[in-house]
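One-based numbering, in listed order, for ligands and for the atoms of each.
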Amino acid sequence: MRTVPDFPEPGVLFRDLNPLFADAEAVRVVIDAMAAGLPEDVDVIAPVEARGFLLGGGLSIAMGVGMVPVRKPGKLPVVADRVDYSLEYGTASLELPAGVLRPGQRVAVVDDVLATGGTVAAVCELVERAGAEVAVVSVVLELPALGGRSLLGGRNVLALQSIT
Ligand SMILES: O=P(O)(O)OC[C@H]1O[C@H](OP(=O)(O)OP(=O)(O)O)[C@H](O)[C@@H]1O
Ligand SMILES: Nc1ncnc2[nH]cnc12
């Protein structure tokens with residue numbers, strides 16, 4: 001990965017994982033490590049648009065479980081629920097598709113970066129409001145200086161790497 005200063009706005013140190021995603025061996029190592037860390041009783045993966053989708057497909061195949069994609073507004077034909085949230089550089093909203101996540105299912109929330117935690121906290125809220133359970137939040141990279149875990153309560157958070 002590489003660090004790009006002042007993107008998408010002044011003061012943000014943007015951690016760009018595109019070099020990782022472009023490297024087949026790195027992708028394999030990351031997917032294998034994420035899969036190895038997930039609880040065995042996970043029923044479904046909830047990857048977050050857009051960068052979480054780059055991990056969700058591989059992880060779904062590696063784990064043998066399906067996916068419920070969590071999407072930005074205006075993309076889903078039928079919406080179960082929506083949460084508005086703040087992230088490191090602004091505000092946004094995420095939506096859960098209707099009729100695919102079942103109450104009681106154990107969900108792995110998957111994304112590339114945990115920064116302020118606003119994004120994955122919003123996904124956890126969508127999952128739990130649907131009556132499902134967040135078994136784990138799995139990310140490639142955590143930025144602990146931004147305090148993301150504090151927004152996630154006592155939830156199980158796995159990060160492959162953390163940098164300050
Ligand atoms: O912990 P937070 O402060 O919420 O930030 C983390 C989120 O920010 C990025 O997504 P972004 O909203 O930039 O969208 P993208 O995946 O479409 O690039 C990243 O992929 C995480 O989802
Ligand atoms: N600093 C950062 N780098 C990459 N993705 C991010 N998402 C939120 N903050 C980020």
Quiz item: Counting heavy atoms only, which of Leu114, Asp111, Leu55, Val113 is nearest atom 22 (O) of ligand 1?
Solution: Asp111
Quiz item: Judging by distance only, is a nitrogen or oxygen of Ala50 under 3.5 angstrom from one on ligand 1?
Solution: yes
Quiz prompt | Beyond-backbone contact of Val30 with Leu160, side-chain heavy atoms, under 4.5 angstrom | solution = yes
Quiz prompt | Atoms in ligand 2 flagged as close to Tyr89, the criterion being non-hydrogen separation under 4.0 Å | solution = 5 (N), 6 (C), 7 (N), 8 (C), 9 (N), 10 (C)
Quiz item: Nearest to atom 3 (N) of ligand 2, what protein heavy atom do you find, and at what distance?
Solution: Arg15 N, 2.8 Å
Quiz prompt | Any N or O of Phe14 closer than 3.5 Å to N or O of ligand 2 | solution = no
Quiz item: For ligand 1, is any non-hydrogen atom under 4.0 Å from Leu87's backbone (N, CA, C, O), its side chain (CB onward), both, or neither?
Solution: both
Quiz prompt | Any N or O of Ala115 closer than 3.5 Å to N or O of ligand 1 | solution = yes
Exercise. Run the contact test for Gly117 against ligand 1 with a 4.0 Å cut-off on heavy atoms, strictly below, and give the result.
Key: yes
Quiz item: Near Glu88, which atoms of ligand 2 are under 4.0 Å from a heavy atom of that residue?
Solution: 1 (N), 2 (C), 8 (C), 9 (N), 10 (C)
Practice problem: Sort out for me which residue in Asp23, Leu17, Asp16 forms a side chain to side chain contact (heavy atoms under 4.5 Å, CB included) with Pro19. | Solution: Asp16
Exercise. Decide whether an N or O pair under 3.5 Å exists between Tyr85 and ligand 1.
Key: no
Quiz item: Would you call the rings of Phe7 and Phe14 parallel, tilted or perpendicular, where under 30° means parallel and over 60° means perpendicular?
Solution: perpendicular
Quiz item: Which of the atoms in ligand 2, numbered in the order shown and given with their element, are less than 4.0 Å from a heavy-atom of Leu143?
Solution: 1 (N), 2 (C)
Practice problem: Kindly indicate, with the supporting measurements, whether the criterion side chain to side chain contact (heavy atoms under 4.5 Å, CB included) is fulfilled by Arg155 and Arg149. | Solution: CA-CA 8 Å; Arg155 295 189 185 89; Arg149 282 185 195 237; over 6 Å; no
Quiz item: With atoms numbered from 1 as shown, which atoms in ligand 2 lie under 4.0 angstrom from a non-hydrogen atom of Arg51?
Solution: 4 (C), 5 (N)
Quiz prompt | Ala115 neighbourhood, listing ligand 2 atoms whose heavy-atom distance to it stays under 4.0 Å | solution = 8 (C), 9 (N)
